[in-house]
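Read the structure below first, then the notes.
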Amino acid sequence: MSLPNVLNATPLPGSPQHASPLSVSIVVYRLDDAELAVNLSTLHLACERAGLRDVALTLIDNSEDGAQGKALRALALRSGWPTTNVLSGHGNLGYGAGHNLAIRATTMPAHLVLNPDVELDEKALRSGLATLALPDVALVGAVGRDGDGKPGYLSKRMPSVWTFFLRGFAPGWLKRRFDAQLAHYEYRDLPTDRVSDVILVSGAFMLFRTDALHAVGGFDERYFLHFEDLDLSLRLAKHGRVVSDPHVTLIHHGGNSASRGLAHLRVFVRSGLRFFNTHGWRLV
């Protein structure tokens, strides 16, 4: 399925906009009003710069009690999204299962999975949709920075148990000792002037060709949290190219998974075991 070529020029104020080829889903577990307001405002501006209207935005309330729905609707309205679809009351299904509620329902040719702690550059969607329209591209990933302005490498090569230990748990001196190995895993050698094929794309920003996404059934819901984006990247590669676009830029305020407590760590390890059991063990 090819995307309409709606990205020839940045629209000028007052110029006609194009019907959207895009749906977007954002899963919210614990609502941070200020963070999500920035997310939705920058998403709105990126849609405007891409000349898109009628973008189908779905906010998925993954809170345990479903009590965030009303607040999400109000926040979306204040951020320029008057027709947002808010799904609430289902409890915490997990990250991938939450997104799947929107993925299964979308009829748009492109679908964006976005984290609520992301600030999009205003040109991100303009470039991302143009790249998605290239022959055989099924998934487009972004290039990011963290909240302090440091590079946040969002594309990855195939991981090993050792690289995950280094990134998530190792002290600073040990990370520095094996920095070359981490640099290889994090694709720090990606060119900054052209689209590159990669192996894995971060779930912070995943722009899909919807027919390919539907063909693999969306996220594997056996992953409650973590590794579901890596698993989906590998399965998408059977239906088209997985690429990183250096002009799709964002700020990702996500923290270190290993620093969020023992319960979170157990979820991380459980998902890691499933990933390696499915896609092969690599110790180093």
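What you see is a predicted model; the values in this text were computed from it and never measured.
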Search all heavy atoms of [X] against all heavy atoms of [Y] and return the closest pair with its distance.
{"X": "Leu72", "Y": "Leu59", "answer": "O-CD1, 3.9 Å"}
{"X": "Gly66", "Y": "Ser63", "answer": "N-OG, 3.1 Å"}
{"X": "Thr42", "Y": "Val118", "answer": "OG1-O, 4.2 Å"}
{"X": "Ala124", "Y": "Val248", "answer": "O-CG2, 3.5 Å"}
{"X": "Asp197", "Y": "Tyr187", "answer": "O-OH, 4.3 Å"}
{"X": "Asp54", "Y": "Met108", "answer": "O-CE, 4.1 Å"}

- Query: For His90, which residues count as a side chain to side chain contact (heavy atoms under 4.5 Å, CB included) partner, sequence neighbours excluded?
  - Reply: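 Per chain and number, His90 pairs via side chain to side chain contact (heavy atoms under 4.5 Å, CB included) with Ile60, Asn62, Leu87, Leu93, Leu101.
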- Message: Go through it in stages, so that I can follow the logic: the residues are Tyr185 and Leu166, the test is side-chain contact (heavy atoms from CB on, under 4.5 Å), and I'd like the CA-CA distance, side-chain angles, deciding distance and then a yes or no.
- Response: CA-CA 11 Å; Tyr185 170 63; Leu166 287 174; over 6 Å; no
I'd like to know if the side chain of [X] reaches the main chain of [Y], judged simply by a donor and an acceptor atom lying under 3.5 Å from each other, with no hydrogens or angles considered.
{"X": "His214", "Y": "Ile103", "result": "yes"}
{"X": "Ser127", "Y": "Lys123", "result": "no"}
{"X": "Thr210", "Y": "Ala110", "result": "yes"}
{"X": "Ser271", "Y": "Leu225", "result": "yes"}
{"X": "Thr163", "Y": "Pro159", "result": "no"}
{"X": "Arg49", "Y": "Arg126", "result": "no"}

- Message: Run the salt bridge (charged side-chain N to carboxylate O under 4.0 Å, His left out) test on Arg222 and Asp220 for me, step by step, so that the C-alpha distance in whole Å, both residues' side-chain angles and the decisive distance to 0.1 Å come before the verdict.
- Response: CA-CA 5 Å; Arg222 294 175 297 175; Asp220 184 339; 2.8 Å; yes
- Item | Over 12 foreign heavy atoms within 6.0 Å of CH2, Trp173 | no
- Message: A quick test of your reading: do over 12 heavy atoms of other residues, nucleotides or ligands sit less than 6.0 Å from CZ of Arg282?
- Response: yes
- Keeping to residues at least two apart or across chains, list the ring pair (Phe, Tyr, Trp, His ring centres under 6.0 Å) pairs with something in residues 231-250.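 Matches after skipping sequence neighbours: none remain.
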When you compare the side chain of [Y] with that of [X], does any pair of heavy atoms fall below 4.5 Å?
{"X": "Leu77", "Y": "Pro82", "result": "yes"}
{"X": "Leu132", "Y": "Arg209", "result": "yes"}
{"X": "Thr84", "Y": "Arg73", "result": "no"}
{"X": "Pro21", "Y": "Leu52", "result": "yes"}

- Establish, from distance only, whether the side-chain atoms of His44 and Ser79 form a donor-acceptor pair under 3.5 Å. no
- Query: Can you name the residues that form a salt bridge (charged side-chain N to carboxylate O under 4.0 Å, His left out) with Asp33, not counting sequence neighbours?
  - Reply: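 Asp33 satisfies salt bridge (charged side-chain N to carboxylate O under 4.0 Å, His left out) with no residue once adjacent residues are dropped.
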- Who pairs with Glu35 by salt bridge (charged side-chain N to carboxylate O under 4.0 Å, His left out), at least two apart in sequence or on another chain?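 Residues passing salt bridge (charged side-chain N to carboxylate O under 4.0 Å, His left out) with Glu35: none at all.
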Hey, can you pull the donor-acceptor pairs under 3.5 Å for the side chains in residues 138-149, sequence neighbours left out?
from, atom 1, to, atom 2, distance (Å)
Asp146, OD1, Asp148, N, 2.8
Asp146, OD1, Gly149, N, 3.1
Asp146, OD1, Lys150, N, 2.9

Report whether [X] and [Y] are members of the same hydrophobic cluster (ILVMFWY, side-chain heavy atoms less than 4.5 Å apart, transitive linking).
{"X": "Val242", "Y": "Tyr153", "result": "no"}
{"X": "Ile199", "Y": "Val113", "result": "yes"}
{"X": "Trp162", "Y": "Phe164", "result": "yes"}
{"X": "Val198", "Y": "Leu213", "result": "yes"}
{"X": "Leu57", "Y": "Leu45", "result": "no"}

- Query: So does Asp179 pair up with Arg188, basic N to acidic O under 4.0 Å?
  - Reply: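 Salt bridge between Asp179 and Arg188, a charged N being under 4.0 Å from a carboxylate O: yes.
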- Lys175 with Glu186: basic N within carboxylate O range, under 4.0 Å: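 No, Lys175 and Glu186 are not salt-bridged.
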- Query: Parallel, tilted or perpendicular: which describes the rings of His99 and Phe219, with under 30° parallel and over 60° perpendicular?
  - Reply: tilted
- Task: Might you work through the side-chain contact (heavy atoms from CB on, under 4.5 Å) test for Phe178 and Leu174, ending with a clear yes or no?
- Result: CA-CA 6 Å; Phe178 291 94; Leu174 189 58; 3.6 Å; yes
Spacing of [atom1] belonging to [X] relative to [atom2] belonging to [Y], to within rounding of 0.5 Å:
{"X": "Arg167", "Y": "Leu182", "atom1": "CZ", "atom2": "CG", "value": "7.5 Å"}
{"X": "Glu221", "Y": "Asn100", "atom1": "CD", "atom2": "CG", "value": "4.5 Å"}
{"X": "Lys156", "Y": "Leu200", "atom1": "NZ", "atom2": "CG", "value": "8.5 Å"}
{"X": "Asp61", "Y": "Lys70", "atom1": "CG", "atom2": "NZ", "value": "14.0 Å"}
{"X": "Ser41", "Y": "Glu119", "atom1": "OG", "atom2": "CD", "value": "10.0 Å"}
{"X": "Asn39", "Y": "Asn115", "atom1": "CG", "atom2": "CG", "value": "8.5 Å"}

- Query: In this structure, which one of Leu114, Asp245, Thr249, Leu154 forms a side-chain contact (heavy atoms from CB on, under 4.5 Å) with Phe205?
  - Reply: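 Answer to the side-chain contact (heavy atoms from CB on, under 4.5 Å) test with Phe205 among Leu114, Asp245, Thr249, Leu154: Leu114.
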- Message: Using the side-chain contact (heavy atoms from CB on, under 4.5 Å) definition, which of the options Leu40, Val38, Asp32 pairs with Leu36?
- Response: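 By the side-chain contact (heavy atoms from CB on, under 4.5 Å) criterion, Leu36 pairs with just one of Leu40, Val38, Asp32: Leu40.
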- Start with the C-alpha distance between Tyr223 and Val267, add both sets of side-chain angles, then the distance that settles side-chain contact (heavy atoms from CB on, under 4.5 Å), and finish with yes or no. CA-CA 9 Å; Tyr223 295 91; Val267 173; over 6 Å; no
All N/O donor-acceptor pairs, side-chain side in residues 227-237, below 3.5 Å, sequence neighbours left out:
from, atom 1, to, atom 2, distance (Å)
Glu228, OE1, His226, N, 2.8
Glu228, OE2, His226, N, 3.4
Asp229, OD2, Gly203, N, 2.7
Asp231, OD1, His279, NE2, 2.8
Asp231, OD2, Arg235, NE, 2.9
Asp231, OD2, Arg235, NH2, 3.1
Ser233, OG, Val201, N, 3.1
Ser233, OG, Asp229, O, 2.9
Arg235, NH1, Val216, O, 2.8
Arg235, NH1, Gly218, O, 3.4
Arg235, NH2, Gly218, O, 2.8

- Task: Apply the test side-chain contact (heavy atoms from CB on, under 4.5 Å) to residues Leu190 and Ser244: give CA-CA distance (whole Å), side-chain angles for both, the deciding distance (0.1 Å), then the verdict.
- Result: CA-CA 9 Å; Leu190 281 181; Ser244 172; 3.9 Å; yes
